[in-house]
Number of protein chains: 2
Amino acid sequence: MTPGDMDFPTPHPAGDCRMVREILDLVGDKWSLYIIASLKDGPVRFNELRRRIEGISQRMLTITLRGLERDGLVKRTLFPTIPPRVDYELTDVGRSLLEPVMALTLWANANQLNIQHARAIYDAG
Amino acid sequence: MTPGDMDFPTPHPAGDCRMVREILDLVGDKWSLYIIASLKDGPVRFNELRRRIEGISQRMLTITLRGLERDGLVKRTLFPTIPPRVDYELTDVGRSLLEPVMALTLWANANQLNIQHARAIYDAG
DNA sequence: CTGAATCCACCTAGATACTG
DNA sequence: CAGTATCTAGGTGGATTCAG
């Protein structure tokens, strides 16, 4: 580490953007938000979750759930019965994420036509 | 388009989640939010933008700007001087996106310790 | 039922070199 | 200055198969 470059509190003016990117690294993948949304009304079992989220593969459901569990957004409960049963549910932290996501949803609602229009114009030109 | 599959209003209960995903497809990539944040105070030229966003390559800056321009979030203005000059600035739509993004930032601020903690516990077990 | 393991196709994005 | 073109490594996610 060269002494001259010791501290770089904010390498660029984008400041806060750093943390937003961390969230996007958290739930910005293809399936996380679908899972969170699908869990908003209470615990759901693995295969039921799989049925609810159309198009997700078994592998991606497992992997994504593991990530959400690791980040403390989803809680996994194993019932050691035969056959085994596993419930997934949102933690308080996970549920609190629904709020800012809702803000994004509102923005999407308000602007999706603008965006479609802009694209149509751009693609025409 | 097969007549049978005509309409599928909400294939799964995740409903609103669709639109959120569309936004993530819009600005959920690696650089879009950095660019939007870097443009929040007014027009910026290409190379200045490149200097502000540490780590971005010339290619990715071009590609990402094209996408944002196509979606109507960023406006590109060419001054046909020699050497050429190009200004990029947020449109009203682009600027309006800063609000819900700010909500995400607040959530990140409030929960980043929770997440770090959850990860530490998970990785320990 | 709930996974883990493996293989593979696609896409993203970085490096580099070149252009008007 | 503001791009474009090409090549390539690495990551993401789908399909399939196996296991407890």
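Note on naming: letters A, B, ... go to the chains in the order of the sequence lines (proteins, then strands), and numbering restarts at 1 for each one.
- Here Trp31(A) pairs with Tyr34(A) under the ring-ring contact (aromatic ring centres under 6.0 Å, His included) rule; sequence neighbours left out.
- Scanning DNA chain D 5' to 3' for nucleotides with an atom closer than 4.0 angstrom to a non-hydrogen atom of chain A gives a first and last hit of dG13(D) to dG20(D).
- Cluster annotation: Ile36(B) and Tyr122(A) are assigned to distinct hydrophobic clusters (Ile/Leu/Val/Met/Phe/Trp/Tyr, side-chain heavy-atom contacts under 4.5 Å, transitive).
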### Query
Can Val27(B) and Val101(B) be said to form a side chain to side chain contact (heavy atoms under 4.5 Å, CB included), step by step?
CA-CA 10 Å; Val27(B) 297; Val101(B) 166; 5.9 Å; no
### Task
Going 5' to 3' through nucleotides 5-20 of chain C, assign each nucleotide B (protein heavy atom under 4.0 Å from a base atom), S (under 4.0 Å only from sugar-phosphate atoms) or - (no protein heavy atom that close).
-B------BBB-B--B
### Query
For Leu97(A) and Asn111(B), what are the C-alpha separation, side-chain angles and deciding distance, and is it a side chain to side chain contact (heavy atoms under 4.5 Å, CB included)?
CA-CA 9 Å; Leu97(A) 180 58; Asn111(B) 292 98; over 6 Å; no
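- Judged by distance alone, the side chain of Ser32(B) and the main-chain N or O of Gly28(B) form no donor-acceptor pair under 3.5 Å.
- Within the 4.0 Å cut-off from OP1 or OP2 of dG3(C), at least one side-chain nitrogen or oxygen of Arg76(A) is found.
- Within 4.0 Å (heavy atoms only), Phe79(A) reaches no atom of the nucleic acid at all.
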Exercise answer: donor-acceptor pairs, residues 113-120 of chain A side-chain atoms, under 3.5 Å, sequence neighbours excluded:
unit_1: Arg119(A); atom_1: NE; unit_2: Asp71(B); atom_2: OD1; d: 2.5
unit_1: Arg119(A); atom_1: NH2; unit_2: Asp71(B); atom_2: OD1; d: 3.1

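- Taking atom CD of Glu69(A) as the reference point, atom P of dT2(C) lies 15 Å away to the nearest angstrom.
- More than 12 heavy atoms of other residues, nucleotides or ligands lie within 6.0 Å of CD in Gln112(B), so this atom counts as buried by the packing criterion.
- Checking side-chain atoms of Thr91(A) against main-chain N and O of Gly72(A) turns up a donor-acceptor pair under 3.5 Å.
- Here the closest heavy-atom approach between residue Arg52(A) and residue Ser38(A) is recorded as NH1-O, 3.1 Å.
- Look at CZ on Arg85(A): it is 13 Å from P on dC1(C), rounded to the nearest Å.
- No contact: Arg50(A) has no heavy atom under 4.0 Å from any strand.
- Closest approach of Arg50(A) to Ile56(A), counting heavy atoms only: O-CG2, 4.1 Å.
- Taking five base pairs at each end of the helix from dC1(C)-dG20(D) to dG20(C)-dC1(D) and finding the rotation axis that steps the C1' atoms of four pairs onto the next four gives two axes whose angle is 40°, to the nearest 10°.
- Here side-chain hydrogen bond (donor to acceptor under 3.5 Å, both in side chains) pairs that include residues 74-84 of chain A, with residues two or more places apart or in two chains, are Arg76(A)-Tyr88(A).
- Side-chain nitrogen and oxygen atoms of Tyr88(A) include at least one within less than 4.0 Å of the OP1 or OP2 phosphate oxygen of dG3(C).
- A sub-4.0 Å separation between OP1 or OP2 of dT2(C) and a side-chain N or O of Arg45(A) is present.
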